[in-house]
*Asks:* 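The structure's right below; bear with me while I get my questions together.
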Amino acid sequence: MATRTRLVAGNWKMHGSRAANDALLGALVSGARELAGIECVVCPPFPYLPQAADRLAGSRVGWGAQNLSEHGSGAYTGEVSAAMLVEFGCRYAIVGHSERRALYGETDTQVAAKFAAARKAGLVPILCVGESLAERESGRTEQVVARQLDAVVDASGADSLARAVLAYEPVWAIGTGRNATPEQAQHVHAYLRARVARSDDGIAAGLRILYGGSVKAANAAAIFAMPDVDGGLIGGASLVAEDFLAICRAAEGKE
Ligand code: 13P
């Protein structure tokens, strides 16, 4: 079986300030010195990427963006291109977060275009998929995540997942304190991996699938113990250094 290096990524969302970031990044740099065998990444808001790049250069913590434009350049007021993110040392870009889909109307097609734009510039997209509570309760979870995944596979091919990360984030678990149970997460992760395997077994076996939605220090180990969970995409708990580091240690299998 392919070995998949676990990844813990912090999605700061629209939080932070120069002063708060300075303290958080400093604590992450020193705490991360003890980490081994996992990858640890933070995704601050755009204006703080140079600050992250300065503070994290040479450390064990990488950085990425929370969003990007599907366009290369041009008259797109307020947008940020993949090439700009690369200039600031980003390795990853989150695409298709449910907040972007729900609050800013991002469609599957647009998310697929952002995924392609990220890869074209050399970024590793972290593609988010996940169902709403109503969709889960009406038994449509698999149908929804399949549709979201297929939009990307249809546009970029299954091969494109060789340099990408998938994140399963059930909408009902985001910021609610109500995480999916480890078994619920495992079920959807296994479903997603099997769906990729229909196109390419090897790529499916190597694909990292993160779980996101109310991951905390207290529940991380149980979720990461599931065979198809390869790390986490962390919101609220990524803003507190000790909590984020504890989740990273859980990914190492030490907590
Ligand atoms: P919370 O960890 O705050 O639930 O957020 C999850 C998330 O949306 C990460 O992208």
Side-chain angles (χ1 to χ4, degrees), residues 6-16 20 24 28 38-46 48-49 52 61-68 85 90-104 106 111 114-115 118 123-133 135-136 141 144-145 148-149 152 164-182 184-185 188-189 192 208-224 226 229-251 255:
R6 284 184 179 161
L7 169 63
V8 179
N11 174 8
W12 290 7
K13 309 194 179 183
M14 199 172 74
H15 294 289
L24 176 53
L28 292 181
I38 65 154
E39 220 184 320
C40 166
V41 167
V42 294
C43 299
F46 290 136
Y48 299 128
L49 288 171
V61 184
W63 61 98
Q66 299 172 16
N67 182 30
L68 79 165
L85 299 177
C90 290
R91 176 163 166 68
Y92 292 94
I94 298 170
V95 301
H97 191 279
S98 62
E99 287 152 15
R100 302 289 324 165
R101 294 178 190 260
L103 303 174
Y104 300 98
E106 287 190 9
V111 171
K114 290 184 178 213
F115 180 96
L123 293 167
V124 178
I126 301 176
L127 170 68
C128 300
V129 299
E131 82 288 2
S132 68
L133 188 58
E135 288 163 341
R136 170 163 285 264
T141 298
V144 169
V145 298
Q148 292 169 333
L149 174 64
V152 165
V165 173
L166 202 53
Y168 169 55
E169 296 210 312
V171 177
W172 48 271
I174 295 177
T176 57
R178 179 184 167 193
N179 60 288
T181 63
Q184 284 173 323
V188 178
H189 284 225
L192 289 165
R208 291 184 291 181
I209 309 179
L210 313 183
Y211 168 78
S214 297
V215 177
K216 308 287 173 208
N219 60 24
I223 296 170
F224 296 162
M226 294 290 120
V229 177
D230 306 307
L233 184 54
I234 320 299
S238 72
L239 300 170
V240 180
E242 305 84 83
D243 293 352
F244 190 63
L245 288 165
I247 293 168
C248 291
R249 286 193 295 275
E255 284 203 7

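In listed order, ligands and their atoms are each counted from 1. Every heavy atom of this structure was used, including side-chain atoms; hydrogens, water molecules and symmetry mates were not.
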*Asks:* Name all residues meeting the ring-ring contact (aromatic ring centres under 6.0 Å, His included) criterion together with H97; count only those two or more places apart in sequence or in a different chain, and write none if there are none.
*Replies:* none
*Asks:* So, taking the atom named CZ in F244 and the one named CH2 in W12, what distance separates them when rounded to the nearest 0.5 Å?
*Replies:*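 Atom-to-atom, F244:CZ and W12:CH2 are 9.5 Å apart.
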*Asks:* Check salt bridge (charged side-chain N to carboxylate O under 4.0 Å, His left out) between R178 and all other residues, then give those that pass, not counting sequence neighbours.
*Replies:*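 Expected list: none.
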*Asks:* In plain terms, say whether R101 and E106 are close enough for a salt bridge, that is, a side-chain N and a carboxylate O under 4.0 Å apart.
*Replies:* no
*Asks:* State which residues pass salt bridge (charged side-chain N to carboxylate O under 4.0 Å, His left out) with E99; sequence neighbours excluded, sorted by chain then number.
*Replies:* K13
*Asks:* Does a donor on one side chain sit under 3.5 Å from an acceptor on the other, for Y92 and Q66?
*Replies:*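 Looking only at side-chain atoms, Q66 and Y92 do not form any donor-acceptor pair under 3.5 Å.
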*Asks:* Considering only heavy atoms, which protein residues lie less than 4.0 Å from any atom of ligand 1?
*Replies:* N11, K13, H97, E169, A173, I174, G175, G213, S214, L233, G235, G236
